[in-house]
Structure formats: structure tokens, C-alpha cells
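Single-structure report; data block below.
Throughout, a chain's letter reflects where its sequence line sits, starting with A, and its residues are numbered from 1.
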Number of protein chains: 2
Amino acid sequence: MDAVDREIVGHLMRDGRATFAEIGSGVGLSAPAVKRRVDRMRASGHITGFTALIDPAALGWTTEAYVEIYYDGNVSATELKRSLEPIPQVVGAWTVAGNPDAIVHVMATNMAEIEQVVERMREHARVERTRSAIVMSRLFERPRSR
Amino acid sequence: MDAVDREIVGHLMRDGRATFAEIGSGVGLSAPAVKRRVDRMRASGHITGFTALIDPAALGWTTEAYVEIYYDGNVSATELKRSLEPIPQVVGAWTVAGNPDAIVHVMATNMAEIEQVVERMREHARVERTRSAIVMSRLFERPRSR
DNA sequence: ACTGAAAGTACCACGAG
DNA sequence: CTCGTGGTACTTTCAGT
């Protein structure tokens, strides 16, 4: 990943459907040259894919929360992943060093659904307690990775 | 947004560079019909854009944190957005109902940079205190909206 | 540089209101 | 009759080698 690759990546983050020719004219390369670089970055895992950015409200996703989880003792990251990933409303999860042990991002259609998800997480394993923050307004969110 | 639109959106979330013909064969429409629907959803704001999914490590983004902000009194969402959005390391920000007043997602190249960002947020306005959680491992994150 | 495929556009057909 | 939506045909541009 040199400077040109980073320029290409920046362009693709701003417009994931940009044509290779368009990107090329921005970075001073021909379309095939850009394609070869993009292919290489996909193969190497630097680019993991392309996606559409959707207004969550359009999918009925109107309620959103961040939930901290406090565990009783140590729980492995892989076990956590295995228990959280099957829950479709959990759109992201991280283990952290700080007060809580993990942070979970939940998106749902309403508050009752959030509560169900939180209870489902609590049932499982060695959860000592949870602490939820309901999102009032999404100020902004920049496109990134996955 | 009818059922067909949701199918198209699902397809585009899985592959943001899928061709209209390919999507059409999945949902039983011709390529131009799909294009018209996509154009309409972009115009209406249901689809806000397309982006590449990048491995953060490939950009040097190896350190990540969630920072809670506690304010002294009320601060408007618009003021918060105005103060946080210019900081490039802040990749997402939400006002919440819960213990903190806001949650901020920070990505940086190292811990020192995280600290700088937190201090910069503290300087501003009526921040009473902050509480940070450093991400140890990203368990997973599903592609969504912005 | 070249070939096949996709994007994009124009125009017509059909059904619901 | 009109509006919305889909299809086909065609041109231009892009992808892929």
C-alpha cells in the first residue's frame, strides 16, 4: 500500500461505484493500472468489499443503543463473538480495556426489541451486568471499514 | 420502499458494485428497471451512497476507542456536531440517553493520538468529564448505513 | 489496443386509479 | 386519460485481457 493506493482507497470510500477510468484520472494512472491495484488490494484483504450506505430509517431501524457488558471473570474474545454474532440486531461488538469488558452496538425497530436483545445478552454466560445508552441522535458517522 | 426495493438494497449492501443486470436477475426485473429504482432511492435519500470497506490496519488505523462525554448542563446536538465533526479521528458521534450525554468513536494510529483527541474534546465547551474505553479487539461489525 | 459487457437513454406497452 | 412502472432496443462507456 503506497501513496497511490491510499489515494485510490480514498476515492473508493467516497464513491464505491466510481469507474476505474474516473479514479485513474484523479491519480494519474490508466484504468487498467487502477484495476490491477484494486484487485491486488482486494486479494490482500486491504479492501474487504463494497457496500451501499443505507438510511437506517428506510429499513425500519429507528432505535439504536450502545450497551456495555461487564463480565464476572474473564471471557475469551472468540466466545464473545460466537455468542453475539448470531443476534441480528447486534451490528457491532468490541472488547475493550476500560470500565466495561465489551461494548455492543444494537440497532432495532423499537425499544421493546432493544430490551429483548439486552435480556438475551444477559441470559448468556457470565454477564455480571449491562449498562445501556439509547441513541437520541446520530450526529454523524464516517464511512470506514468492517 | 416496497419489498423489491428492500431486496435490491440487500443485494447492494452485500456487493456495492453489483451490476444492475445481476441484481435484476435476482429480483426478477430488467437492468434498466433496477437502475431506475436505485436512482429513485438515491434521490430520496434512502441510499446515501456507496463505499469501499477497508481494513483499518491498512490505513495505519490500529488504535480505536469509544469515549463517553459528560456535559455540564445541556449542549445542543448541532453544537456537538459542529465541534466534533472537524476532528478527523472522530469517525462517529451520537447523543444518548443514559449515563453519559454523548458517545464518540475515535480511530487513530496510536495511543498518543487518541489522547490528543480526547484532550481536544475536553478543552471544548462545557465538558465535565470523559470516560474512555480502548478497543482491544473488534469482534465484528456488520455493514450498515451512515 | 481490442472485445464483450454494462451503463445509460429513449421510446413504447401495460395496468391502476 | 394519466401516472407509474416495466420492457426492449440502441448508443456510449467501461471492464477485462
Residues A:E141, A:R138; criterion salt bridge (charged side-chain N to carboxylate O under 4.0 Å, His left out); working and verdict: CA-CA 7 Å; A:E141 197 171 357; A:R138 155 188 319 230; 2.6 Å; yes
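Spacing between atom CZ of B:R40 and atom P of D:dC3 amounts to 17 Å, rounded to whole angstrom units. Nucleotide D:dG4 holds its P atom 15 Å from the CG atom of B:D2, rounded to whole Å.
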Sort me out a list of protein N/O and nucleotides 15-17 of chain D N/O pairs below 3.5 Å, or just none if empty.
{"residue": "D:dA15", "atom": "OP1", "partner": "A:F20", "partner atom": "N", "Å": "3.3"}
{"residue": "D:dA15", "atom": "OP2", "partner": "A:F20", "partner atom": "N", "Å": "3.3"}

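Clustering of Ile, Leu, Val, Met, Phe, Trp and Tyr side chains at separations under 4.5 Å leaves A:Y70 isolated, with no partner residue. Residue A:Y66 belongs to a hydrophobic cluster whose other members are A:W94, A:V96, A:I103, A:V135, B:Y66, B:W94, B:V96, B:I103, B:V135, with links defined by side-chain heavy atoms closer than 4.5 Å.
Other residues, nucleotides and ligands contribute at most 12 non-hydrogen atoms within 6.0 Å of the CZ atom of A:R36.
First and last contacts of DNA chain C with chain B, using any nucleotide atom under 4.0 Å from a protein heavy atom and ordered 5' to 3', fall at C:dA6 to C:dT9.
Judged as a ring pair (Phe, Tyr, Trp, His ring centres under 6.0 Å), not a single pair has a partner in residues 6-56 of chain B (not counting sequence neighbours). For residues 14-31 of chain B, there are no side chain to side chain donor-acceptor pair (under 3.5 Å) pairs, not counting sequence neighbours.
Note that CD of B:E79 is 11.5 Å distant from CG of A:L139, once rounded to the nearest 0.5 Å.
Using a 4.5 Å heavy-atom threshold, the side chains of A:F140 and B:L84 count as touching.
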